[in-house]
Amino acid sequence: MSVRVARAVRAWGWGTSGRRGASNFRLPPLGAVDVAELLRDATAAEEVPQEAAARRQPGQCSVLLFPGQGSQVVGMGRGLLRYPRVRELYAAARRVLGYDLLELSLHGPQEDLDRTAHCQPAVFVASLAAVEKLHHLQPAVIENCVAAAGFSVGEFAALVFAGAMEFSEGLYAVKVRAEAMQEASEAVPSGMLSVLGQPQSKFTFACSEAREHCKTLGIENPVCEVANYLFPDCRVISGHLEALQFLQKNSSKYHFRRTKRLLVSGGFHTRLMEPAVEPLAQALKAIDVKKPLVPVHSNVSGNRYTHPKHIQKLLVQQVVSPVKWEQTMHAIYQRRKGTEFPQTFEVGPGKQLGTILKSCNLQAWKSYSHVDVLAAAEDTDQDL
């Protein structure tokens with residue numbers, strides 16, 4: 001096993017300190033999970049030559065996808081509690097967040113879980129708990145992981161999984177992000193609209209006309225723009241509620257096949273979230289971000305991170321930038337004709353990313369699996 005693999009696998013042990021020795025990260029309380037502690041223990045070992053990794057067949061490799069906000073559902077985590085250290089994850093989360101996340105995840109109520117301030121930490125922790133389950137049932141999947149990506153807040157979970165930041169630090173950053181986004185969304189009536197279009201759909205033109213419509217209503221500097229690139233001809237548009245209502249009313253004009261309002265509190269991934277930028281930037285400055293041990297792809301560019309400084313910069317930029325998920329899928333799964341695709345595992349609540357993958361790359365989707373977080377304990381081995 002290579003050091004890259006060993007370090008990634010050993011990252012799922014915990015120490016008793018929630019701080020790095022040289023870090024000024026004071027906010028998470030003592031006793032929070034220290035994911036990176038065992039990573040540092042592995043640095044004295046010797047790397048396996050790259051030639052050995054190259055001999056690994058593509059079909060033996062794996063990709064982990066981490067879902068984002070909107071995948072939360074009451075009961076998530078129930079299918080994970082039997083696995084080692086999952087309860088420790090939730091106990092550490094309680095210390096960082098100041099409330100019982102496991103109770104909220106298991107019993108709701110749904111309207112409380114759906115609040116941005118709650119659902120982002122809930123999805124983050126459930127996804128990393130799902131990694132624990134996957135590691136217990138199929139350790140080779142973790143050992144042979146060649147790429148990871150997360151949708152919006154899921155990117156934080158992907159980076160923690162890859163050893164770029166510690167669990168407690170990542171969760172605290174998510175807490176700050178979620179609370180700031182909740183506050184920003186309450187300041188302006190806004191939302192998100194899922195749009196299934198056609199090749200001739202005019203997304204940019206539609207958004208432009210929606211903004212002009214808002215100006216006629218007296219709205220200054222209206223926002224209406226693509227916030228998520230999901231798969232060909234499918235976008236999520238964010239902006240003022242009046243703009244989204246205009247698009248739904250005039251969907252046939254822009255060749256939209258179907259539109260649907262998303263159950264989120266605001267116009268995420270647009271400049272409406274600018275009030276959340278500075279709080280998140282300050283939280284990330286306090287974190288000693290390291291180079292990921294497994295390649296992680298950025299939502300902002302679709303490309304893998306190449307330097308720890310880029311992580312801090314782009315995680316902040318992501319809050320006000322579109323999620324380029326379709327581009328990310330192309331970057332991860334692009335290969336020569338005839339080359340096998342890796343196994344793909346969606347770790348966390350819901351199967352939305354699997355559905356998107358099917359529309360982006362049908363051949364890659366044929367090797368897709370979902371790590372269930374809802375099943376009763378006695379049934380949890382069957383979904384893999």
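As a basis for the values below, the full set of heavy atoms in this structure was taken, side chains included, without hydrogen atoms, waters or symmetry mates. This is a predicted model, so every value here is computed, not measured. For the single chain, residues carry numbers from 1 onward in sequence order.
- Rounded to the nearest 0.5 Å, atoms CD (Q69) and CE (M181) are 6.0 Å apart.
- Residues satisfying the salt bridge (Lys or Arg N to Asp or Glu O under 4.0 Å) test with E179, not counting sequence neighbours, are K175.
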ask   = H269 and S152: side chain to side chain contact (heavy atoms under 4.5 Å, CB included), yes or no, with the steps?
value = CA-CA 9 Å; H269 298 288; S152 192; 2.8 Å; yes

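- Taking the side-chain hydrogen bond (donor to acceptor under 3.5 Å, both in side chains) definition, one finds that Y305 meets it with E155, sequence neighbours left out.
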Would you list the atom pairs, donor with acceptor, under 3.5 Å between side chains in residues 240-248 and any protein atom, with sequence neighbours excluded?
{"from": "H240", "atom 1": "ND1", "to": "V223", "atom 2": "N", "distance (Å)": "3.0"}

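- Minimum heavy-atom separation, V63 to P342: CG2-CG, 3.7 Å.
- A pairwise comparison of heavy atoms in V160 and G170 identifies CG2-CA, 4.1 Å as the closest pair.
- From Q72, atom CD reaches atom CZ of F124 across 15.5 Å, with rounding to the nearest 0.5 Å.
- Annotation: side-chain hydrogen bond (donor to acceptor under 3.5 Å, both in side chains) contacts of S62 (sequence neighbours excluded): none.
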Name every donor-acceptor pair, under 3.5 Å, that has one atom in a side chain of residues 100-113 and the other anywhere in the protein, sequence neighbours excluded.
{"from": "D100", "atom 1": "OD1", "to": "L102", "atom 2": "N", "distance (Å)": "3.2"}
{"from": "D100", "atom 1": "OD1", "to": "E103", "atom 2": "N", "distance (Å)": "3.1"}
{"from": "D100", "atom 1": "OD2", "to": "R94", "atom 2": "NH1", "distance (Å)": "3.4"}
{"from": "S105", "atom 1": "OG", "to": "L101", "atom 2": "O", "distance (Å)": "2.9"}
{"from": "Q110", "atom 1": "OE1", "to": "V74", "atom 2": "N", "distance (Å)": "3.1"}
{"from": "Q110", "atom 1": "NE2", "to": "D114", "atom 2": "OD1", "distance (Å)": "2.8"}

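- The number of heavy atoms from other shown groups lying within 6.0 Å of CZ (R271) is above 12.
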task = Show your working on side chain to side chain contact (heavy atoms under 4.5 Å, CB included) between S369 and Q138 and close with a plain yes or no.
result = CA-CA 12 Å; S369 300; Q138 296 189 35; over 6 Å; no

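- Note: the hydrophobic cluster containing V236 does not contain V195 (ILVMFWY, side chain heavy atoms under 4.5 Å, direct or indirect links).
- Under the 4.5 Å side-chain heavy-atom criterion for ILVMFWY residues, no single connected hydrophobic cluster contains both V226 and L272.
- At a threshold of 4.5 Å between non-hydrogen side-chain atoms, the residues N228 and M192 count as touching.
- Among residues two or more places apart in sequence or in another chain, the side-chain contact (heavy atoms from CB on, under 4.5 Å) test is passed with Q363 by F341, N361, K366.
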inquiry  = For a side-chain hydrogen bond (donor to acceptor under 3.5 Å, both in side chains) check, start with the C-alpha distance between Y368 and E346, then their side-chain angles and the critical distance, and finish with the verdict.
reply    = CA-CA 8 Å; Y368 164 88; E346 184 170 355; 2.6 Å; yes

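- Nearest heavy atoms, G154 versus F66: O-CB, 3.4 Å.
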Determine all donor-acceptor pairs shorter than 3.5 Å in which one atom belongs to a side chain in residues 208-219; sequence neighbours excluded.
{"from": "E209", "atom 1": "OE1", "to": "K253", "atom 2": "NZ", "distance (Å)": "2.8"}
{"from": "E209", "atom 1": "OE1", "to": "Y254", "atom 2": "OH", "distance (Å)": "2.4"}
{"from": "R211", "atom 1": "NH1", "to": "C224", "atom 2": "O", "distance (Å)": "2.5"}
{"from": "E212", "atom 1": "OE2", "to": "K215", "atom 2": "NZ", "distance (Å)": "3.4"}
{"from": "T216", "atom 1": "OG1", "to": "H213", "atom 2": "O", "distance (Å)": "2.4"}

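- Here R85 contributes atom CZ and L80 contributes atom CG; the two are 13.5 Å apart, rounded to the nearest 0.5 Å.
- Residue Q200 qualifies as enclosed at atom CD: its count of foreign heavy atoms under 6.0 Å is above 12.
- Residues M76 and L97 share a single hydrophobic cluster, defined by chaining ILVMFWY side chains whose heavy atoms lie under 4.5 Å apart.
- Nearest heavy atoms, A173 versus L280: O-CD1, 3.7 Å.
- Side chain of S201 to main chain of H255: a donor-acceptor pair is present (N/O by atom type, distance under 3.5 Å, no hydrogens or angles).
- P292 is listed as a side-chain neighbour of I311, based on a closest heavy-atom distance under 4.5 Å.
- At least one side-chain heavy atom of R87 sits under 4.5 Å from a side-chain heavy atom of L81.
- Applying the ring pair (Phe, Tyr, Trp, His ring centres under 6.0 Å) rule to pairs touching residues 310-337 yields F151-W325, H307-H310, sequence neighbours excluded.
- At least one side-chain heavy atom of V131 sits under 4.5 Å from a side-chain heavy atom of I142.
- Residues forming a side-chain contact (heavy atoms from CB on, under 4.5 Å) with V320 (at least two apart in sequence, or on another chain): M273, E274, V277.
- Heavy-atom neighbours of Q317 CD from other residues, nucleotides or ligands within 6.0 Å: above the threshold of 12.
- Within the model, atoms SG of C234 and CG of L196 stand 5.5 Å from one another, a figure rounded to the nearest 0.5 Å.
- The closest side-chain heavy-atom distance from L64 to V141 is below 4.5 Å.
- W365 has its side chain out of reach of T344: every pair of non-hydrogen atoms, C-beta onward, lies at least 4.5 Å apart.
- L128 is connected to Y83 through a chain of hydrophobic side-chain contacts under 4.5 Å among Ile, Leu, Val, Met, Phe, Trp and Tyr, so both are in one cluster.
- R177 is listed as a side-chain neighbour of V153, based on a closest heavy-atom distance under 4.5 Å.
- To the nearest 0.5 angstrom, L134 atom CG is 5.5 Å from F345 atom CZ.
- The hydrophobic clustering, which links ILVMFWY residues whose side-chain heavy atoms are closer than 4.5 Å, places V323 and L193 apart.
- Although no hydrogens or angles enter the test, the distance criterion places no donor-acceptor pair under 3.5 Å between the side chain of T339 and the main chain of R335.
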Which pairs would a plain distance check flag for residues 347-359, meaning a side-chain donor or acceptor within less than 3.5 Å of a matching protein atom at least two apart in sequence or in another chain?
{"from": "T355", "atom 1": "OG1", "to": "K351", "atom 2": "O", "distance (Å)": "3.3"}

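- Between the side chains of Q318 and N299, at least one donor N or O sits under 3.5 Å from an acceptor N or O.
- Taking each heavy atom of K290 and P308 in turn, the nearest pair found is C-CG, 3.7 Å.
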Could you list the donor-acceptor pairs under 3.5 angstrom formed by side chains in residues 256-268, with sequence neighbours left out?
{"from": "R257", "atom 1": "NE", "to": "G197", "atom 2": "O", "distance (Å)": "3.1"}
{"from": "S265", "atom 1": "OG", "to": "T116", "atom 2": "OG1", "distance (Å)": "2.8"}
{"from": "S265", "atom 1": "OG", "to": "S185", "atom 2": "OG", "distance (Å)": "3.2"}

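- Here salt bridge (Lys or Arg N to Asp or Glu O under 4.0 Å) pairs that include residues 313-329, with residues two or more places apart or in two chains, are R235-E326.
- The two atoms that bring S321 and V300 nearest to each other are CB-CG2, 4.4 Å, heavy atoms only.
- Rounded to the nearest 0.5 angstrom, L284 CG and Y172 OH are separated by 11.0 Å.
- Annotation: side chain of V123 is not in contact with side chain of V174 (no heavy-atom distance under 4.5 Å).
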ask   = Checking side chain to side chain contact (heavy atoms under 4.5 Å, CB included) for the pair M165/L315: CA distance, chi angles, key distance, verdict?
value = CA-CA 13 Å; M165 60 181 75; L315 283 179; 4.1 Å; yes

